[in-house]
Amino acid sequence: MSSSLRFKVVEEAFSRKAVPVEIPTERPQVYYGEKVFDRRKMFEYLPKKTYQALVDAIDNKKPLPRDVADSVAEGMKQWAIDNGARHYTHWFQPLTETTAEKHDGFIEHDGKGGVVEEFSGKLLVQQEPDASSFPNGGIRNTFEARGYSAWDISSPAFLLDNTLCIPTIFISYTGESLDYKTPLLRALTAVDHAGTRVARYFDPSVSHVISYLGWEQEYFLVDEALYSARPDLVLTGRTLMGHESAKNQQLEDHYFGAIPSRVEAFMLDLEIECHRLGIPVRTRHNEVAPNQFELAPIYEETNLANDHNMLLMSLISEVARRHNFRALLHEKPFAGVNGSGKHNNWSLGTDNGAMLFSPGKTLLENTRFIAFVSVVMAAVYRHNALLKASIMSATNAHRLGANEAPPAIISIFAGSQLSAVIDRIIKSDSADLLPIDGKHGVNLDIASIPEIMLDNTDRNRTSPFAFTGNRFEFRAVGSSSNCGSAMIALNTAVAEQLNRFADAVDARVEAGEELNHAILAVAREFLIESQAIHFDGNGYSDEWKAEARERGLDCETSAPRIFDAYLSQASIDMFASTGVMTKVELEARNEVKWEMYTKKIQIEARVLGDLAINHIIPVATRYQSALLDNVYKLQNVFSSERCQELAAPQLATIEALARHIKVIKAEVAKMVDARREANRITVEREKAIAYHDNVAPCMDTIRYHIDKLELMVDNEIWPLPKYRELLFIR
Ligand code: ADP
Ligand code: MG
């Protein structure tokens, strides 16, 4: 683009007004969930017997009988058609981190030369998308390309753009998972079973333990005219160059500041859209960086919450376009300002309403609280490397380890009050845990925990995994990722430790120990063994990096090597013993991770190389020529001595330009060579490492010199919208 075009798009962006939003006349409670085939609609559209059979299958996690499926499909189709749908799709979550859909019309031949609107139970329950092009890590080679998608009845169908979307799992012909939903459902089952074992010590009537997730989605908005003038944003989702704006986030005036009217209209529109789809979004606000925002719902059961987050990510992009914005979900769209994360607030509860990370009012409730906290400590400690791998990606790598986001080391922040409780338990001796005066654990003041926890306002933003009063907040999750990845690893790790906890308690009780004592004793063992994971200090400090290494925590920072944690013996055993994933699945998924990593860096490197050579260098050269021209003209007018003096600044700039141009050219050539060499590697892991070690560093150098040029070259001819133009919506 020419510079005049840059000025044009800037003007276009800055003069844009808020797009009016069609506000429903009804209250939210009226339209909330209107696009969801929820129980109310099931009741209305299904025969009574079908309704009961479906609800029974959902509640008790039972398979759906075939004749019931046919009847459900008929009712669901009718509801969808009544609401304007013409197509249906199985909606699934392949390993690309997005959602996939293949739309089919409801029509079938009627046998008389016409068509009827048809949708059978068979089509509802299972499909065979021609999915050979989805990443599968070699599980399906092309001649066995079949994959199945199968309805996840625990997540309700919904209507999106006149299409009936049916949430499904996606598995290979041989039964391996090819998506996030399948292992997530297995992980939730594992934590349910193991959690129920432990929860029953405290309340024998518990029959299920439920995992809850409340995500907080951060994102940036950029005006679409500016966006389209930045090929790097369009092709990679982030700016590959751009000097910092003189003003960015240093005044902290954006955080919780007034929301610009254009953005407010967008947010309102998005909120209404979410509510129609039954996504309970509640909170919205500005974030730290300019043009950065956050949206959070009320927490839900983890599988549903994750579906809702995936759906929200599509909605954000769609609604943003209506408001002449582009939403950036990338973890680090702009250097020098904060990136975007997706805090995963996570907790466990029982089917009769107890929240297992909330201290209660009684000795029993607080012993349960300590038991579950000790299990989380042990799980995160044992699998800290895996948990880091679960949130790692080429895009999130930019955010972790920078002083703005959780570091690339997993630790748990407990806060001063919980820390005091933990310390007291660790320092107690076995006698403290014995019954005293007919009460148990009196010496530990366990019964008084709720009072001290009630006003827990401790906030440590530097921790990747923090206890926040009644839940844990996994903050290292990236804004563009599928929360499923983190939730699979976390729930599985916790399930494994819950089983270990219950095994240890059962063994002690069998040996004659009193139950309450056994529980506290095992909790104490768990807390002691996992002390290394507990860190309440500043996670951004260099001292912590050194200390974490001494404590034996995983400190690897290279994304492709971090993925290795999935294939450690501890991970393989954990996923196998809980029935969540087999070694074959883990290996296949890692192939996909490495491949995706390589591709992302490859695309970025190509885009940056192109922009450097055909956008930036020509403009820098043009400016250099203009300066040279000026020097020549000075020579014509002034004596050579006088001219030397007058032209000195120009000559210095001409030389500086030449130096930067030279480095950029050389570095682009080096990057192309590094890529060529990396592309010859056939082992995905090694290839990804080559991209990480040899290609990515060239990009940093190229960017550095381009950003220097941006400061020197005449603003009139600079071709790409600058940070100060991209980052401040009026
Ligand atoms: P913050 O101060 O961290 O922004 P919020 O109150 O806005 O806290 O909550 C953030 C998210 O945490 C919301 O999605 C909220 O529903 C969720 N949340 C609250 N309690 C729990 C819980 N017990 N389990 C899981 N998520 C929770
Ligand atoms: Mg939070």
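Just follow the structure's listing: the first ligand is 1, and inside any ligand the first atom is 1.
The aromatic rings of Phe501 and Phe526 sit perpendicular, their planes meeting at an angle over 60°, well past the 30° parallel limit. A perpendicular orientation is assigned to the rings of Phe357 and Phe472, their planes being inclined by more than 60° (bins at 30° and 60°). Ring geometry for Phe575 versus Tyr566: interplanar angle under 30°, hence parallel rather than tilted (30 to 60°). Between Phe325 and Phe266, the two ring planes are perpendicular [angle over 60°; tilted spans 30° to 60°].
Contact annotation for His343 and ligand 1: no heavy atom of the residue comes within less than 4.0 Å of the ligand. By the criterion of a heavy-atom distance under 4.0 Å, the side chain of Glu216, and not its backbone, is placed next to ligand 1.
If you number the atoms of ligand 1 from 1 as listed, the ones under 4.0 Å from a heavy atom of Met355 come out as 23 (N). Residue Ile298 has at least one heavy-atom neighbour below 4.0 Å for each of these atoms of ligand 1: 16 (O). Heavy-atom contacts of Pro297 reach the following atoms of ligand 1: 13 (C), 14 (O), 15 (C), 16 (O) (cutoff under 4.0 Å).
For atom 21 (C) of ligand 1, the nearest non-hydrogen atom from the set Glu300, Arg471, His285 comes from Arg471.
Annotation: Tyr212 places no N or O atom under 3.5 Å from an N or O atom of ligand 1; distance criterion only. An N or O contact shorter than 3.5 Å is missing between Glu294 and ligand 1 by distance. For the pair Leu213 and ligand 1, the shortest N or O to N or O distance does not fall below 3.5 Å. When only interatomic distances are considered, the shortest N/O to N/O separation between Tyr299 and ligand 1 falls below 3.5 Å.
A donor-acceptor pair shorter than 3.5 Å cannot be found between the side chains of Thr283 and Glu294.
Within the model, atoms CH2 of Trp91 and CG of Asp152 stand 10.0 Å from one another, a figure rounded to the nearest 0.5 Å.
Relative to the ring axis of Phe413, Arg475 does not place its NZ or CZ within 45° and under 6.0 Å from the centre. Relative to the six-membered ring of Phe220, Arg238 misses at least one condition, a distance below 6.0 Å or an angle of at most 45° to the axis.
Using a 4.0 Å heavy-atom cutoff, Glu473 is listed among the residues neighbouring ligand 1.
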